[in-house]
Amino acid sequence: MIMPQLKVIVNKLNVRSGVPTTLSEKNVIGVVRRGTMFEGYEATNIQNSSLGKWYCDAEGACYWGGGLVVLDPPLGTPYIIRDIPIHLPSPCRMGIDISHHNDLPDWSGINNAGISFVFIKISEGVGTPDAKAGQNAATAKQQGLRIGYYHFCRPDTRNGGTVINDATAEANEAINRISSCTAPDLPLVLDLEDQQGWDTPLGPADYLLWINTFIAKIISSTGMAPIIYSRKEYLNRKLPFDHDLGKYKLWISLYSARDCNKVSYPIGWQDWAIWQYCEDGKIGQNSKLDINIMKDPTLF
């Protein structure tokens, strides 16, 4: 059963074990507060029509419809996704990002869940293409999803001996890899993060120079400014405080928050365009997916 998304619009709303015949019945089993979101279906077994509409969730808990609003998700498709954060922007889109680590994705499950976009790893550094980029992109397109690519950056001086040469080499790597795959609908993403056993050796000034060099090459080749993906703590630690990157769209990674209004961002940015809120989401037969909320309408 596909159930609509519901959002609590009163300060607090009683949760009941069943649809009551009077509000004095002792079947209150809990309380949810303003902004809470869940999926539910409209109850049809209402014995007292004066109590108005009621909705029940998958576990059978019942809620008074006067304290709820039925959300109208993008494209008219309800999201079949667990633990969606509250205060979703309106409008917004839900999406995922994948790489060769996502073995045999259940694409029909992803599409049926209301996912509308996917970012696909295309390359890492120089000489390390993602082996499944082409296949993932083609299949996602066949499912009607909008696609974009991301490049895992390794800012250093190993390619060409200087910061500028290295950044240019990595940008060319990403451009060349994309040219051999399905044309993207979304801008390229710079994935800026550390990983086990590796972090950029560059200081803040050189790190900023590397990023700006990479971005300039991408813009000159594609005519489209890329998106920056990272964590707040990481960018604050790696960049100069007076950097100029805030003019580029930010894709923020933050797993500890469950409220779209409480997502913080690094120094230099005023907002986020995409929020990766989950790294172990279950959608269809996929048991471990990065799930994202896109709120920048220029990317829709």
Next on the checklist: Any salt bridge linking Arg158 with Asp156? Criterion: basic side-chain nitrogen under 4.0 Å from a carboxylate oxygen.
Outcome noted: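 Answer for the salt bridge query: yes.
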
Checklist entry - Any Lys/Arg nitrogen of Asp83 or Arg258 sitting under 4.0 Å from an Asp/Glu carboxylate oxygen of the other? => result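 Not counted as a salt bridge, because no side-chain N and carboxylate O are separated by less than 4.0 Å.
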
Checklist entry - For Thr222 and Leu188, what are the C-alpha separation, side-chain angles and deciding distance, and is it a side-chain contact (heavy atoms from CB on, under 4.5 Å)? => result CA-CA 9 Å; Thr222 68; Leu188 177 69; over 6 Å; no

Checklist entry - Under 30°, 30 to 60°, or over 60°: which ring-plane class applies to Tyr207 and Tyr234, parallel, tilted or perpendicular? => result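 The rings of Tyr207 and Tyr234 stand perpendicular, inter-plane angle above 60°.
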
Checklist entry - Going by the angle between their ring planes, with limits at 30° and 60°, are Trp251 and Phe119 parallel, tilted or perpendicular? => result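 Plane angle between 30° and 60°, so tilted.
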
Next on the checklist: How close do Trp198 and Cys153 get, counting heavy atoms only, and between which atoms?
Outcome noted: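 Here Trp198 and Cys153 meet closest at CH2-O, 3.8 Å.
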
Checklist entry - Which heavy atom in Arg154 sits nearest to a heavy atom in Asp166, and how many Å separate them? => result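 The pair with the smallest heavy-atom distance is O-OD2, 3.6 Å.
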
Does the side chain of [X] come under 3.5 Å of the side chain of [Y] through a donor N or O and an acceptor N or O?
| X | Y | result |
| --- | --- | --- |
| Thr298 | Lys249 | yes |
| Ser253 | Gln276 | yes |
| Trp275 | Asn292 | no |

Item to check | Counterpart residues, side chain to side chain donor-acceptor pair (under 3.5 Å), relative to Tyr63 (two or more places apart) | outcome: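 Tyr63 satisfies side chain to side chain donor-acceptor pair (under 3.5 Å) with Asp57 once adjacent residues are dropped.
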
Checklist entry - Is atom NZ of Lys53 surrounded by more than 12 heavy atoms (other residues, nucleotides or ligands) closer than 6.0 Å? => result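 Not buried by this count: 12 neighbours or fewer within 6.0 Å.
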
